[in-house]
Amino acid sequence: MVSLQPKIQLIMPKNIRVRFAPSPTGPLHMGGVRTALYNYLFAKSNGGKMILRIEDTDQSRFVPGAEHYIMESLAWCGIQFDEGVSEGGSYGPYRQSERKSIYKAYADQLIQTGNAYYAFDRTEDLNELRKQAEAKKKTFIYNAQTRKTLRNSLNMNDDEIKKHLMEGTPYVVRFMIPENICITMNDLIRGRVTVKSETLDDKVLFKSDGMPTYHLANIVDDHLMEISHVIRGEEWLPSLPLHVLLYEAFGWEKPQFAHLPLLLKPDGNGKLSKRDGDRLGFPVFPLQWKDPKSGEISSGYRENGYYPDAFVNMLALLGWNPGNDQELFSMTELIEAFSLDRVGKSGSKFDPEKAKWFNHQYLIQRSDKQLASEWKQWLKTEKNLEPESVKVVKIVSLIKERVNFVKELWDEASFFFEAPESYDEKVIKKRWKTDSPEQMENLATLLDTLEDFTAEKIDEKIKNWIADNELSMGVIMNALRLLLVGAAKGPHLGDIMEVLGKAESIKRIRSGIKTLLN
RNA sequence: GCUCCCAUCGUCUAGCCCGGUCAGGACGCCAGGUUUUCAUCCUGGUAACAGGGGUUCAAAUCCCCUUGGGAGUACCA
């Protein structure tokens, strides 16, 4: 039994609290699942709490069903939350749309302390400025240089500001980036990162629709929820200076940050996207997703026959490694072995082939009985077959090594259920000789005399018969396989015949001979 | 364009922090072996420190530059 005791408690003074904070704008992509996984592993390996917070501050991007999808996906993966939308907890609510009322006061506080200001600029005007800058191959930045020329409270007296606010002129609240300072940040994965403040822009903290932006909501909630470690994707790294500045403006203690490298597409470069899955034929989502608007279906790992523990294991090793040769980890073992300092800095290309290999490993580790029961369900729904468990267990034990997925068992074992309807031409040519019909008929007669139709007895009988008649093992067995299976595949013939039973085996031999005579 | 991040076999990666092993493992691929077929399995092989400069007796490892790649650059998250 692996112990789940916190291991670096001594250097972790506070309670460890991490959050996974997705936006319900669509299905959770496998990169997101990995981020959630690393958060979970980090929390559990340090005896901490894992929190699910839904970041739905953008009402226009809300997608029905996405939130449910996210929770179902993580549950399927075995990633459990201590607090969250459905778990509850004393730091709720855990949906930002339900926390709407708390953000305004924080935006106001920043204005009062001179860290933020009202901006009345119209979107069209800003877009125009951006366009103009782009034409000159520059980027428009709302910062110390430009803010003095724009329509904001910095350039207005108190009366003007009041007037605008009273009249209901739409406004946003922007953070005022300090001039000419160096912001030094510490990232648990990348170490020290330094940025000059003049490269940053005065980001919008509070939108004209009364909702906070990600930046404000994120900092306020992480503070209020006492988040100790922010573990998120690398795409957030450019926002880190802003976030650090926000903590400082509020005078709050900062959490520790860890920015995870991206998951890259298998071929070429760039981050893994839904398109790559369609193009290369692998799922990028944990569960199947049907887009509520277009009706478009994206395939999922679950529906493709992956085991959740295999999927999680594969994901865990994409960017993290234990420092030794172990590759197979249960969730408990992952929790025990995980540490942030063994997470790499560079992006990882996803390899669909290795994903299959992981599933193969989990499939062959399964007991015959377990696997048989999984396959029985498949046989019932896909083939409308309800064979005896004993038979299925036996078959599974013979062929599980050859497949990666439960659904592939059929390809390797259909002949156990259906007598061959046709015979592989190539094999006929190679294995069906002029003597074969007679030899096979004799063999059928011989097998008919066998009382105890077990693999062991069958083998013994056939071997003796071959020896007594000075026949060739290869010639006989291959011809026999052709009649029983219809092709040059399958496990040991004795085993096949035992499962088929005496009557069926002999029947197949005789009808095969007949068919091949024509 | 600008800002930041990154760089070991085709892929995931160990080694880097604390310079000194034929640069190790896994997936894939190839070959051989076992076998009544196919697959499994076993054995072996393939293949990498992006380039250039420094520092040093010694550099994958430390420093700089170049190149390449990625991310960000919204009243999206």
Side-chain angles (χ1 to χ4, degrees), chain A residues 21-25 55-58 60-61 119 121 123 126-127 130 133-134 136-141 170-174 187 189-191 193-196 198-201 203-209 211-215 217-218 232-241 259 261-262 264 266-271 314 317-327 341-342 344-358 364 399-403 412 424 427 430-431 459 462-463 466 472-482 485 487-494:
Chain A
S23 183
T25 54
E55 308 226 325
D56 54 350
T57 52
D58 186 355
S60 68
R61 292 213 307 160
D121 310 276
T123 312
L126 293 177
N127 285 342
R130 288 194 187 96
E134 204 178 328
K136 292 183 214 159
K137 287 205 164 184
K138 288 189 175 172
T139 308
F140 168 75
I141 308 180
Y171 70 89
V172 299
V173 176
R174 285 184 183 272
D187 184 275
I189 292 171
R190 281 148 228 287
V193 178
T194 307
V195 178
K196 289 188 191 119
E198 56 261 38
T199 65
L200 269 25
D201 61 348
K203 279 274 181 280
V204 172
L205 299 178
F206 201 81
K207 301 185 265 187
S208 58
D209 67 357
M211 278 292 220
T213 61
Y214 168 83
H215 302 294
N218 170 66
R232 78 232 293 197
E234 191 184 324
E235 68 269 24
W236 292 110
L237 197 53
S239 308
L240 182 57
H259 289 88
L262 264 21
L264 274 20
D267 59 339
N269 297 301
K271 71 173 172 183
M314 179 274 293
L317 272 295
L318 224 46
W320 170 85
N321 77 83
N324 57 38
D325 289 345
Q326 187 178 349
E327 293 205 86
D341 48 57
R342 293 210 65 89
K345 294 177 183 171
S346 50
S348 310
K349 282 188 187 175
F350 168 66
D351 180 2
E353 288 306 312
K354 190 127 189 191
K356 288 180 193 163
W357 177 82
F358 271 107
I364 60 178
I399 59 170
K400 68 174 179 181
E401 297 273 352
R402 326 157 86 97
V403 302
E412 299 298 328
D424 190 314
V427 184
K430 193 173 172 193
R431 306 293 191 188
D459 287 345
I462 296 180
K463 270 181 188 157
I466 287 173
S472 149
M473 187 77 147
V475 170
I476 297 300
M477 297 311 268
N478 283 308
L480 180 56
R481 179 175 296 277
L482 178 65
V485 177
K489 66 172 191 180
H492 184 77
L493 275 180

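The figures that follow rest on heavy atoms only: side chains count, while hydrogens, waters and symmetry mates do not. In what follows, chains carry the letters A, B, and so on, assigned in the order in which the sequence lines appear, proteins first and then strands, with residues in each chain numbered from 1.
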Colleague: Is the backbone N or O of A:Thr57 less than 3.5 Å from a side-chain atom of A:Lys207, with the two atoms forming a donor-acceptor pair by type?
Modeller: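 Between the backbone of A:Thr57 and the side chain of A:Lys207 there is a qualifying donor-acceptor contact (under 3.5 Å).
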Colleague: Output all residues satisfying side chain to side chain donor-acceptor pair (under 3.5 Å) with A:Lys354, sequence neighbours left out; order by chain, then residue number.
Modeller: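 For A:Lys354, the residues satisfying side chain to side chain donor-acceptor pair (under 3.5 Å) (neighbours in sequence not counted) are A:Glu327.
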Colleague: Counting N and O atoms only, with roles assigned by atom type, does the side chain of A:Asp201 sit under 3.5 Å from a partner on the main chain of A:Lys203, one being a donor and the other an acceptor?
Modeller: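 Side chain of A:Asp201 to backbone of A:Lys203: no pair is present.
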Colleague: Could you pick out which residue, A:Lys489 or A:Val193, lies toward the 5' side of RNA chain B when each is mapped onto its nearest nucleotide?
Modeller: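 That would be A:Val193.
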Colleague: Quick one: salt bridge (charged side-chain N to carboxylate O under 4.0 Å, His left out) partners of A:Asp325, sequence neighbours excluded?
Modeller: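 Listed in chain order: nothing, the list is empty.
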Colleague: Rounded to the nearest Å, what distance is computed from the CH2 atom of residue A:Trp320 to the C1' atom of nucleotide B:A14?
Modeller: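 Computing the A:Trp320:CH2 to B:A14:C1' distance gives 13 Å.
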Colleague: Taking salt bridge (charged side-chain N to carboxylate O under 4.0 Å, His left out) as the definition, give me every residue that meets it alongside A:Arg61, ordered by chain and number, with sequence neighbours left out.
Modeller: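 Listed in chain order: A:Asp58.
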Colleague: Taking only N/O atoms, report every protein-nucleotides 59-61 of chain B pair under 3.5 Å with atom names and distance.
Modeller:
none

Colleague: Just to verify, what does A:Arg190 make a salt bridge (charged side-chain N to carboxylate O under 4.0 Å, His left out) with, not counting sequence neighbours?
Modeller: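 A:Glu234.
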Colleague: Please classify the nucleic acid contact of A:Lys138 as base, sugar-phosphate, or nothing, using heavy-atom distances under 4.0 Å.
Modeller: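 Nothing, no nucleic acid heavy atom in range.
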Colleague: When rounded to the nearest Å, what value does the distance between C1' atoms of B:C9 and B:C30 take?
Modeller: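 My reading of the C1' atoms in B:C9 and B:C30 gives 15 Å.
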Colleague: What integer number of Å spans the C1' atoms of B:U13 and B:U55?
Modeller: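 Roughly 29 Å separates the two C1' atoms.
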Colleague: Scan nucleotides 7-11 of chain B against the protein and return all N/O pairs shorter than 3.5 Å with their distances rounded to 0.1 Å.
Modeller:
none

Colleague: Collect all protein-nucleotide pairs involving nucleotides 31-34 of chain B in which both atoms are nitrogen or oxygen and the distance is under 3.5 Å.
Modeller:
none

Colleague: Whole angstrom is fine here: how far is it from CZ in A:Arg232 over to C1' in B:C4?
Modeller: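 Going from A:Arg232 (CZ) to B:C4 (C1'), I get 14 Å.
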Colleague: Assign A:Pro241 to base, sugar-phosphate, or nothing according to its heavy-atom contacts below 4.0 angstrom with the strands shown.
Modeller: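 A:Pro241: no heavy atom of the nucleic acid under 4.0 Å.
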Colleague: Measure from the side-chain N and O atoms of A:Asp187 to the backbone N and O of A:His259, and report whether any donor-acceptor pair falls under 3.5 Å.
Modeller: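 Yes.
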Colleague: So what does A:Gly319 hit on the nucleic acid, given a heavy-atom distance under 4.0 Å: a base, only sugar-phosphate, or nothing?
Modeller: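 Here A:Gly319 touches the backbone only, sparing every base.
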Colleague: For the C1' atoms, the ones on B:C63 and on B:G70, what distance do you get once it is rounded to whole angstrom?
Modeller: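 Between the two C1' atoms, the distance is 24 Å.
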Colleague: Mind checking if A:Leu317 touches a base, just sugar-phosphate, or nothing, with heavy atoms under 4.0 Å?
Modeller: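 Sugar-phosphate, backbone atoms only, no base.
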Colleague: Heavy atoms under 4.0 Å is the rule here; annotate nucleotides 39-51 of chain B 5' to 3' with B where the base is hit, S where only the sugar-phosphate is, and - elsewhere.
Modeller: BS-----------
Colleague: Applying salt bridge (charged side-chain N to carboxylate O under 4.0 Å, His left out), name anything that partners A:Lys271, two or more places apart in sequence or on another chain.
Modeller: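 A:Lys271 satisfies salt bridge (charged side-chain N to carboxylate O under 4.0 Å, His left out) with no other residue.
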Colleague: May I have the distance from A:Lys137 (atom NZ) to B:C2 (atom P), rounded to whole angstrom?
Modeller: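 Between P of B:C2 and NZ of A:Lys137: 10 Å.
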Colleague: When you measure from the side-chain N and O atoms of A:Arg342 to the phosphate of B:C17, is any distance below 4.0 Å, counting only OP1 and OP2?
Modeller: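 No, no such contact exists.
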Colleague: Are OP1 or OP2 of B:U13 and a side-chain N or O of A:Asn321 less than 4.0 angstrom apart?
Modeller: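 Answer is no, no contact under 4.0 Å.
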Colleague: Within this structure, what is the CD-to-P distance between A:Glu353 and B:C27, rounded to whole angstrom?
Modeller: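 Going from A:Glu353 (CD) to B:C27 (P), I get 12 Å.
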Colleague: Is it the case that A:Asn478 and A:Arg481 place a side-chain donor and acceptor less than 3.5 Å from each other?
Modeller: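 There is no such pair between these side chains.
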Colleague: When the P atoms of B:C18 and B:G25 are compared, how many Å lie between them, rounded to an integer?
Modeller: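 Going atom to atom, P in each nucleotide, I get 28 Å.
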Colleague: Reading RNA chain B from 5' onward, which residue's closest nucleotide shows up sooner: A:Arg190 or A:Arg431?
Modeller: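 The residue whose closest nucleotide sits nearer the 5' end is A:Arg190.
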Colleague: Tell me, do A:Pro170 and A:Asp209 make a side-chain contact under 4.5 Å, heavy atoms counted?
Modeller: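 Of all side-chain heavy-atom pairs linking A:Asp209 with A:Pro170, none is under 4.5 Å.
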Colleague: Using the P atom in both, what is the distance from B:C29 to B:C17, to the nearest Å?
Modeller: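 Per the computed distance, 36 Å lies between those P atoms.
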Colleague: Mind checking the C1' distance from B:U67 to B:C22? Whole angstroms is fine.
Modeller: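 Their C1' atoms lie roughly 30 Å apart.
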Colleague: Rounded to whole angstrom, note down the C1' distance from B:U34 over to B:U43.
Modeller: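 Each nucleotide's C1' atom is 11 Å from the other's.
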Colleague: When every nucleotide of nucleotides 70-77 of chain B is labelled 5' to 3' by its protein contacts under 4.0 Å (heavy atoms), B for base, S for sugar-phosphate only, - for none, what sequence of letters results?
Modeller: SSSSSBBB
Colleague: Can you tell me how far apart OG1 (A:Thr199) and CD1 (A:Ile141) are? Round to the nearest 0.5 Å.
Modeller: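 CD1 of A:Ile141 is found 7.0 Å from OG1 of A:Thr199.
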Colleague: What's the CD-P distance between A:Glu198 and B:C4, to the nearest Å?
Modeller: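 Interatomic distance, CD of A:Glu198 to P of B:C4: 10 Å.
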Colleague: Excluding sequence neighbours, so at least two apart, what forms side chain to side chain contact (heavy atoms under 4.5 Å, CB included) with A:Asp459?
Modeller: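 Testing A:Asp459 for side chain to side chain contact (heavy atoms under 4.5 Å, CB included), a comparison that skips the adjacent residues, returns A:His492.
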Colleague: Counting heavy atoms not belonging to A:Glu134, are there more than 12 under 6.0 Å from its CD?
Modeller: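 No, the 6.0 Å shell around CD holds no more than 12 heavy atoms from other groups.
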Colleague: So do A:Leu480 and A:Ile462 actually touch side chain to side chain, heavy atoms under 4.5 Å?
Modeller: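 The answer is yes, as the side chains (C-beta and beyond) meet within the 4.5 Å cut-off.
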Colleague: Which residues satisfy the ring pair (Phe, Tyr, Trp, His ring centres under 6.0 Å) test with A:Trp357, sequence neighbours excluded?
Modeller: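 So A:Trp357 forms no ring pair (Phe, Tyr, Trp, His ring centres under 6.0 Å) with any residue.
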Colleague: Give a yes or no answer on whether the side chain of A:Arg342 reaches the backbone of A:Trp320 with a donor-acceptor pair at less than 3.5 Å.
Modeller: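 Checking the backbone N and O of A:Trp320 against the side chain of A:Arg342, no donor-acceptor pair under 3.5 Å is found.
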Colleague: To the nearest 0.5 angstrom, please state how far the NE2 atom of A:His215 sits from the CZ atom of A:Arg174.
Modeller: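 A:His215 atom NE2 to A:Arg174 atom CZ measures 11.0 Å (nearest 0.5 Å).
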Colleague: Distance between the C1' atoms of B:U61 and B:G20, in whole angstroms?
Modeller: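 Their C1' atoms lie roughly 11 Å apart.
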